[in-house]
Amino acid sequence: MEKHSGFGLIRHGLSHHEHWPRMWRNPEPKPRYDVIIVGGGGHGLATAYYLAKEFGVRDVAVVERGWLGGGNTARNTTIVRSNYLWDEAAWLYEHSLKLWETLSQELNYNVMFSQRGVMNLGHTLQDMRDIERRVRANRLNGIDGEVLDVARIREIVPLLDCSCRTRYPILGASWQPRGGVARHDAVAWGYARAADALGVDLLQQTEVTGIRRSMGRVQGVETTRGFLAADTVGVVAAGHAGVIAKMAGLRLPIESHPLQALVSEPLKPVLDTVVMSNAVHGYISQSDKGDLVIGAGIDGYNGYGQRGSYPTIEHTLQAIVELFPSFSRVRMNRQWAGIVDTSPDACPILSATPVGGLFFNCGWGTGGFKATPGSGHVFAATLAAGKAHPLAAPFSLERFVSGRLIDEHGAAGVAH
Ligand code: FAD
Ligand code: PYC
């Protein structure tokens with residue numbers, strides 16, 4: 001395909017941004033599809049791509065109420081890692097991390113995956129015990145990880161205040177060298193372009209307003225562009241999962257919260273890794289264009305407004321300035337929030353439902369960007385087979401009845 005080739009790149013580079021071919025079609029909806037995916041974020045687009053590419057299901061529509069990747073996918077701070085405590089979670093996120101490592105080649109689209117390492121700081125003896133336990137568990141699962149002492153932290157991040165003068169002195173850290181960051185919207189665009197090329201219909205500006213059911217099975221979705229029939233519907237709508245579940249008469253164990261982020265004015269390169277502290281509630285990295293990308297814990301209230309509250313910003317910036325005193329004079333350029341879907345055990349829900357043919361992929365909370373390729377892959381396998389992929393099976397809704405929770409609050413990058 002010429003539009004994907006090096007010659008195309010040169011020709012369009014010289015074209016003054018005119019007459020560029022569209023990266024994907026803008027099709028009219030068909031009345032029926034084999035599979036409908038609700039939500040055109042990274043997870044929904046990845047699901048559609050793997051359905052078409054690996055499982056031979058090409059009669060697929062992705063139904064998105066806004067624009068592709070306009071939800072949390074383009075609002076997150078792009079941290080990728082797989083250092084979760086429990087086997088089930090570690091396997092799922094590591095499956096994803098492995099897919100990240102070849103994703104640019106797989107999609108022929110540069111998702112700018114940069115394995116610059118992720119550091120999680122410990123500030124108390126209990127933090128350090130938890131860090132040691134998690135790193136050992138990771139290594140037993142073949143996941144890279146080290147426990148760093150303060151001298152090593154200083155070498156890797158010289159700007160961090162590792163003195164004992166701070167309110168919460170740094171005692172050590174966990175370090176995952178294969179972790180890092182990626183370019184969030186490129187991930188959505190790469191999957192969208194590749195899914196479209198395999199025949200998937202990407203229906204933007206199409207809001208799902210109802211889930212039609214009959215005799216205990218899903219029949220399709222009501223949308224602002226009419227009814228679309230399908231025997232299988234996968235809902236991948238992050239913060240709005242609960243709203244869509246209600247349309248099907250279901251109640252999910254999900255709470256929707258705002259989660260904020262900020263970026264600063266661009267600086268020269270000063271920070272070449274990701275630093276997170278769950279104890280003081282702040283994390284930071286520097287983007288390739290120089291902005292400091294900063295985030296916090298969730299705002300405590302439930303809601304669907306993509307703004308967040310001022311006290312959370314203040315608290316986060318206090319934490320960042322305490323960790324990095326030299327950033328106290330940096331000006332912040334922008335702030336925003338996304339709506340995250342938090343579950344009781346800080347783990348996702350990848351599950352069939354009591355409505356036949358209706359599946360949910362949600363509950364990734366504050367940490368689903370890193371899971372985008374793996375989530376899409378195992379959810380596509382689940383939809384294609386009508387039963388859970390082995391990596392998805394532990395994350396079914398059934399665990400909230402049986403009590404087999406997978407508590408990952410300790411490994412969640414930000415408090416929630
Ligand atoms: P989304 O990208 O939100 O896609 C869901 C889509 O569903 C949206 O486009 C929405 O418009 C659509 N939709 C909703 N309702 C309807 C409807 N009725 N009809 C049709 N479409 C509908 N994770 C990490 O791993 N690392 C991080 O560093 C990180 N940082 C974060 C920072 C912030 C500020 C936020 C908000 C989140 C962060 N996350 C992070 C979490 C991560 O962003 C999400 O878990 C992930 O992006 C979810 O992807 P998704 O495709 O499921 O959701
Ligand atoms: O899950 O690593 C994470 C994360 C970092 C920032 C927000 N979530």
Side-chain angles (χ1 to χ4, degrees), residues 36-47 61-84 93 96-97 100 118 120 176 179-182 184-185 187-188 191 203-211 221-225 235-244 246-247 256-263 274-276 278 281-285 293-299 304 306 308 312 316 335-342 346 348 360-372 375-376 379 408 411-416:
I36 288 176
I37 307 293
V38 181
H43 288 229
L45 293 164
T47 304
V62 176
V63 182
E64 166 55 50
R65 69 176 185 168
W67 63 94
L68 301 179
N72 289 344
T73 296
R75 292 169 178 272
N76 77 86
T77 46
T78 78
I79 297 170
V80 175
R81 59 189 173 87
S82 63
N83 53 358
Y84 283 74
Y93 287 100
S96 198
L97 182 47
W100 275 111
V118 174
N120 294 88
Q176 186 177 21
V181 291
H184 45 22
D185 37 20
V187 176
Y191 274 121
L203 307 175
Q204 300 183 76
Q205 307 290 334
T206 309
E207 180 167 359
V208 169
T209 52
I211 305 277
V221 295
E222 313 282 355
T223 81
T224 45
R225 291 167 81 186
V235 180
V236 199
H240 288 81
V243 177
I244 296 176
K246 198 169 169 196
M247 295 175 192
S256 293
H257 287 268
L259 178 67
Q260 305 194 48
L262 306 93
V263 289
V274 179
V275 179
M276 312 180 68
N278 216 339
H281 295 152
Y283 64 89
I284 185 162
S285 66
V293 181
I294 293 173
I298 56 170
D299 276 69
Y304 296 97
Q306 294 177 318
T312 302
T316 304
Q335 169 276 345
W336 66 91
I339 305 305
V340 296
D341 44 346
T342 59
F360 273 79
N361 176 344
C362 61
W364 294 95
T366 62
F369 177 70
K370 67 175 81 62
T372 305
S375 153
F379 198 50
E408 287 289 1
V414 296
H416 69 279

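A quick note: this is a predicted structure, and the numbers were derived from the prediction, not measured. Atoms within each ligand, like the ligands themselves, are counted from 1 in listed order.
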I'd like to check the side chain to side chain contact (heavy atoms under 4.5 Å, CB included) partners of [X]; sequence neighbours left out, ordered by chain and number.
X: Trp336; result: Arg75, Ala261, Val263, Arg334
X: Gln205; result: none
X: Thr73; result: Ala188

Test of proximity, [X] against ligand 1: N or O pairs below 3.5 Å:
X: Lys370; value: yes
X: Val208; value: yes
X: Ala337; value: no
X: Thr73; value: yes
X: Asn72; value: yes
X: Arg75; value: no
X: Ala261; value: no
X: Ile79; value: yes

What part of [X], side chain from CB on, backbone N/CA/C/O, both or neither, has a heavy atom under 4.0 Å from ligand 1?
X: Val243; result: neither
X: Phe379; result: neither
X: Val63; result: backbone
X: Ile339; result: neither
X: Glu207; result: both

Of all the heavy atoms in [X], does at least one lie under 4.0 Å from an atom in ligand 1?
X: Gly295; result: no
X: Leu45; result: no
X: Gly69; result: no

Under 3.5 Å: N or O atoms of ligand 2 paired with protein N or O:
| residue | atom | partner | partner atom | Å |
| --- | --- | --- | --- | --- |
| ligand 2 | 1 (O) | Arg81 | NH2 | 3.2 |
| ligand 2 | 1 (O) | Lys370 | NZ | 2.5 |
| ligand 2 | 2 (O) | Arg81 | NE | 2.7 |
| ligand 2 | 2 (O) | Arg81 | NH2 | 3.1 |
| ligand 2 | 8 (N) | Thr366 | O | 2.7 |

Considering only the protein, which heavy-atom contact is closest to [atom], and what is its distance?
atom: atom 7 (O) of ligand 1; answer: Gly39 CA, 3.4 Å
atom: atom 4 (O) of ligand 1; answer: Gly41 CA, 3.4 Å
atom: atom 49 (O) of ligand 1; answer: His43 CD2, 3.3 Å
atom: atom 39 (N) of ligand 1; answer: Thr366 O, 3.1 Å
atom: atom 9 (O) of ligand 1; answer: Glu64 OE1, 2.7 Å
atom: atom 23 (N) of ligand 1; answer: Phe369 N, 3.1 Å
atom: atom 22 (C) of ligand 1; answer: Arg65 CG, 3.7 Å
atom: atom 15 (N) of ligand 1; answer: His240 CB, 3.7 Å

Exercise. Measure up the Phe369 and His184 rings against each other and bin them: parallel (under 30°), tilted (30 to 60°), perpendicular (over 60°).
Key: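 The arrangement is perpendicular - the two ring planes meet at more than 60°.
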Quiz item: For Ser82 and Gln176, does a side-chain donor sit closer than 3.5 Å to a side-chain acceptor?
Solution: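 There is such a pair between these side chains.
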Practice problem: Could you tell me whether the side chains of Ser256 and Asp341 share a donor-acceptor contact shorter than 3.5 Å? | Solution: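 Side-chain D/A pair, Ser256 to Asp341: absent.
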Quiz item: Between the candidates Val62, Ile244, Asn76, Leu203, which shows the shortest non-hydrogen contact distance to atom 38 (C) of ligand 1?
Solution: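 The residue whose heavy atom sits nearest atom 38 (C) of ligand 1 is Asn76.
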Quiz item: Passes side-chain contact (heavy atoms from CB on, under 4.5 Å), Val208 versus Met247? Steps please.
Solution: CA-CA 9 Å; Val208 169; Met247 295 175 192; 4.2 Å; yes
